[in-house]
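Everything on this sheet refers to the single structure shown next.
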2 protein chains.
Amino acid sequence: MRIGILGAGQLGRMLALAGMPLGQRFVLYDTTGSPSAGIGEVISDPERTRVEAFLDQVDLVTFEFEHLPLDLVEFIEARKPVLPGSRALAVCQHRGEEKALFDRLGIPTPEYRLVDSAEALRDAATELGTPVVAKSVTEGYDGKGQGILRQPEEAEQVWDGIGHTQLIVETMVDFVREVSIIAVRGRDGEVRCYPMAENQHAEGILRYSLAPLPDLDSATQQRANDYIRSLLEALDYVGVLTLELFQTRDGRLLANEMAPRVHNSGHWTQDGAVTSQFENHLRAVAGLPLGDTAARFPSCMINMIGREGDPAALLSRSDVHLHRYDKGERPGRKLGHVNVVAEDHTALLKGVRECVAQLPDAPPVAFSFERD
Amino acid sequence: MRIGILGAGQLGRMLALAGMPLGQRFVLYDTTGSPSAGIGEVISDPERTRVEAFLDQVDLVTFEFEHLPLDLVEFIEARKPVLPGSRALAVCQHRGEEKALFDRLGIPTPEYRLVDSAEALRDAATELGTPVVAKSVTEGYDGKGQGILRQPEEAEQVWDGIGHTQLIVETMVDFVREVSIIAVRGRDGEVRCYPMAENQHAEGILRYSLAPLPDLDSATQQRANDYIRSLLEALDYVGVLTLELFQTRDGRLLANEMAPRVHNSGHWTQDGAVTSQFENHLRAVAGLPLGDTAARFPSCMINMIGREGDPAALLSRSDVHLHRYDKGERPGRKLGHVNVVAEDHTALLKGVRECVAQLPDAPPVAFSFERD
């Protein structure tokens with residue numbers, strides 16, 4: 001089977017690495033002009049003149065990146081199967097539609113308003129109670145296109161700073177932690193969920209994801225499973241879907257946003273789960289049986305951002321698996337990740353801190369379950 | 001680091017798949033005219049006119065295949081590091097030199113003679129006592145270039161059948177099982193050994209490899225470790241080396257042959273060991289720290305020969321990892337393998353038999369430790 005991937009970054013790279021052992025071949029189609037996957041056949045086509053040539057080489061199309069031109073995806077969808085389809089993409093590209101879907105399915109979210117002027121932003125901030133976070137309804141990746149209002153009077157400044165015609169304004173949740181649930185749905189409708197991960201961000205960029213969580217009750221995991229299953233079914237989704245949530249002090253889960261693709265918070269599955277999120281996405285889109293999503297080991301993913309750690313120092317540890325993306329160093333750029341696995345969480349956290357000490361610019365590790 | 005691989009079959013493919021997450025890039029150089037790796041940049045050059053162009057693209061060279069023209073490897077070695085080097089290759093290309101090395105290092109082998117005529121073959125068969133196995137001293141892969149003499153009088157027929165100028169004649173060992181030991185040696189001389197595997201062949205082709213062995217005493221593993229370590233050190237070897245042995249009824253290990261590369265009997269390490277043989281070979285040649293060679297699970301590799309099993313049926317099992325080579329079906333051709341992993345050997349053997357039942361032309365599984 002020849003699979004086309006829209007996007008040619010590290011997620012496309014890791015999809016191809018996971019799919020080749022299944023006998024799949026990959027053509028990666030890049031519209032950004034800077035593909036970095038370094039695997040499979042890569043078509044870089046910012047002018048979009050070679051879409052047909054790309055489609056001639058593939059049996060079906062998936063994507064590693066949701067900020068794709070919707071007209072391009074619809075054009076492709078008229079010619080080849082796109083899994084997951086343009087509907088999921090359209091919903092995920094618009095925070096307003098995404099929230100409306102959460103509402104419709106009874107998935108709790110932070111309270112929010114849609115606004116289309118600085119005045120409306122100020123009013124929403126007043127109504128919701130500051131602080132609030134304002135985000136452009138479209139685009140937005142890794143913390144870009146967002147602003148925080150500590151006072152309603154900051155509305156104009158934030159509005160101008162973001163520079164979009166419509167924003168979503170949300171109350172800032174007093175959460176205990178940020179978590180994510182990743183699930184995969186097959187062509188036959190079967191759904192499998194991975195154990196939830198706790199995610200630690202810094203400057204809007206994911207730094208650490210740990211799973212399974214040592215302090216998570218099964219009812220909470222089940223609730224997250226129910227939420228993501230309802231999303232998968234509502235969208236008649238095929239492939240891996242990620243739902244980011246806030247967990248509050250009283251144990252509630254509030255949906256933050258979703259990503260219609262394999263996700264950075266699921267990279268731990270490469271070494272810590274029976275079947276990785278990458279392989280499961282490809283099994284799903286190819287119509288193959290889904291793989292076991294159970295965790296094999298307590299695992300933690302450590303992102304290497306901007307600068308990489310010394311590979312020799314990292315590889316001297318038997319609890320480390322290294323995943324480099326073969327990219328040049330640049331501030332804020334995701335260059336690779338380290339998966340640490342261990343027999344128990346105590347050993348895991350010790351190993352994670354020892355690795356982090358070897359990485360440049362890595363923030364202190366502070367998972368919620370370590371606090372008193 | 002840009003690594004050149006001589007040979008572009010499934011071993012090169014799996015090396016590249018294992019090395020890309022380490023940030024390595026691969027150029028595969030094929031002299032057969034039928035590369036099948038389907039990954040990295042492949043230079044198919046049966047006329048050997050593009051060696052320099054190949055070398056311009058790589059920092060060092062390794063190989064996935066030992067039946068390479070020695071003059072080609074020496075030519076390359078004068079220009080770029082070749083790891084392991086031409087010396088190991090030369091020894092492994094000649095069964096006489098290989099046996100002489102075993103003898104020099106005190107590694108027991110079946111009794112043998114070198115012969116260069118049908119008459120000498122008959123005399124050797126008489127002296128050693130039939131049955132004996134005769135093999136050409138050079139070439140020979142997966143049972144090709146071999147013959148068995150049940151009577152000394154069959155010498156002429158076997159000699160003509162093999163059609164080489166020099167043969168090695170060996171007593172046929174009354175072995176309990178065929179085993180292999182795989183080890184890796186780093187540039188700094190560090191050696192790590194994998195748990196031994198039991199290998200089941202059919203028609204001269206490996207069908208099943210299982211490791212670790214449930215009935216292996218640690219003294220035997222240690223003896224195998226000592227043998228392969230002495231080979232690695234004698235050859236000042238860097239990378240993965242494989243030594244195939246016979247285990248006799250009285251527990252002795254007799255060296256059969258060695259392969260200066262990753263080996264089919266080590267494919268279980270992809271899913272059953274902390275670090276795969278492929279990653280460890282690349283760590284070694286790249287001068288990186290070696291990875292842990294411990295087994296994580298009882299594991300069994302099942303080769304798919306000639307025809308593949310139904311991927312959907314195989315992937316419906318949670319104990320299976322599928323590794324296809326993206327090759328066309330052809331009798332006797334290695335098309336892929338399945339790794340089965342389990343919590344214990346009972347579950348493993350049950351899973352293996354259930355998988356084998358789904359594979360066309362797979363011989364019955366019969367490991368020695370299951371016999372009474």
Side-chain angles (χ1 to χ4, degrees), chain A residues 1-2 10 13-14 16-26 37-41 186 190 192 270-271 274-276 279-280 282-283 286-294 296-297 304 308 310-327 335-339 341, chain B residues 1-2 10 13-14 16-26 37-41 186 190 192 270-271 274-276 279-280 282-283 286-294 296-297 304 308 310-327 335-339 341:
Chain A
M1 179 168 284
R2 304 167 307 160
Q10 68 267 18
R13 172 185 176 87
M14 289 186 280
L17 284 169
M20 285 177 163
L22 302 179
Q24 298 169 339
R25 296 182 187 182
F26 293 88
I39 190 171
E41 186 182 344
E190 187 190 1
R192 296 203 183 188
Q270 291 174 309
D271 300 294
V274 177
T275 314
S276 79
E279 180 171 337
N280 253 335
L282 295 165
R283 288 187 185 209
L288 292 166
L290 303 181
D292 191 346
T293 49
R296 273 200 166 128
F297 309 100
M304 296 194 288
E308 291 197 76
D310 171 25
L314 293 166
L315 292 172
S316 69
R317 301 181 58 90
S318 67
D319 57 356
V320 154
H321 295 271
L322 183 58
H323 299 268
R324 301 175 70 189
Y325 308 152
D326 199 8
K327 292 193 204 171
L335 302 173
H337 67 273
V338 167
N339 284 334
V341 300
Chain B
M1 179 169 283
R2 303 168 307 160
Q10 68 267 18
R13 173 184 175 88
M14 290 186 280
L17 283 168
M20 285 178 162
L22 302 178
Q24 298 170 340
R25 296 182 186 183
F26 293 89
I39 189 171
E41 186 182 344
E190 188 190 2
R192 296 202 182 188
Q270 291 174 309
D271 300 294
V274 177
T275 315
S276 79
E279 180 171 339
N280 253 335
L282 294 166
R283 289 188 186 209
L288 292 165
L290 304 181
D292 191 346
T293 49
R296 272 200 167 128
F297 309 100
M304 295 194 289
E308 290 197 75
D310 171 23
L314 293 166
L315 292 172
S316 68
R317 302 181 57 90
S318 66
D319 56 356
V320 154
H321 294 271
L322 183 58
H323 300 268
R324 302 175 70 189
Y325 309 152
D326 198 8
K327 291 194 207 170
L335 302 173
H337 66 274
V338 166
N339 284 334
V341 300

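Predicted model only: the values in this text are computed from it and were never measured. In what follows, chains are A, B, ... by sequence order, proteins preceding strands, each numbered from 1.
- Contact annotation for Leu17(B): both backbone and side-chain heavy atoms come within less than 4.5 Å of a heavy atom of chain A.
- With sequence neighbours left out, Glu308(A) forms a side chain to side chain donor-acceptor pair (under 3.5 Å) with Arg324(A).
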**Message:** What verdict does the side-chain contact (heavy atoms from CB on, under 4.5 Å) test give for Leu314(B) and Met304(B), after you've listed the backbone C-alpha separation in whole Å, the side-chain angles of each residue and the deciding distance to 0.1 Å?
**Reply:** CA-CA 12 Å; Leu314(B) 293 166; Met304(B) 295 194 289; 4.1 Å; yes
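- Options Asp326(B), Leu322(B), Asp319(B) differ in how many heavy-atom pairs under 4.5 Å they form with chain A, and the most are formed by Asp326(B).
- Between chain B and the residues Pro311(A), Ala286(A), Ala312(A), the largest count of heavy-atom pairs under 4.5 Å involves Ala312(A).
- Here the CZ-CZ distance, from Arg192(B) to Arg283(B), works out to 8.0 Å after rounding to the nearest 0.5 Å.
- Heavy-atom distances place no part of Gln270(B) under 4.5 Å from chain A, backbone and side chain included.
- For the side-chain contact (heavy atoms from CB on, under 4.5 Å) test with Phe26(B), the passing option among Arg2(B), Arg13(B), Met1(B), Met20(B) is Met20(B); the others fail.
- Note: His323(A) leads Glu279(A), Gln24(A), His323(A) in heavy-atom pairs under 4.5 Å with chain B.
- Between the OG1 atom in Thr275(A) and the CG atom in Leu282(A) there is a gap of 12.0 Å [rounded to 0.5 Å].
- Only the side chain of Arg296(B) comes within less than 4.5 Å of a heavy atom of chain A; its backbone N, CA, C and O stay farther away.
- Of the listed residues (Val341(B), Asp292(B), Leu22(B), Val320(B)), the greatest number of heavy-atom pairs within a distance under 4.5 Å of chain A belongs to Leu22(B).
- For His321(A), the ring pair (Phe, Tyr, Trp, His ring centres under 6.0 Å) test picks out no residue, with sequence neighbours left out.
- Proximity to chain A is limited to the backbone of Leu290(B), based on heavy atoms less than 4.5 angstrom apart.
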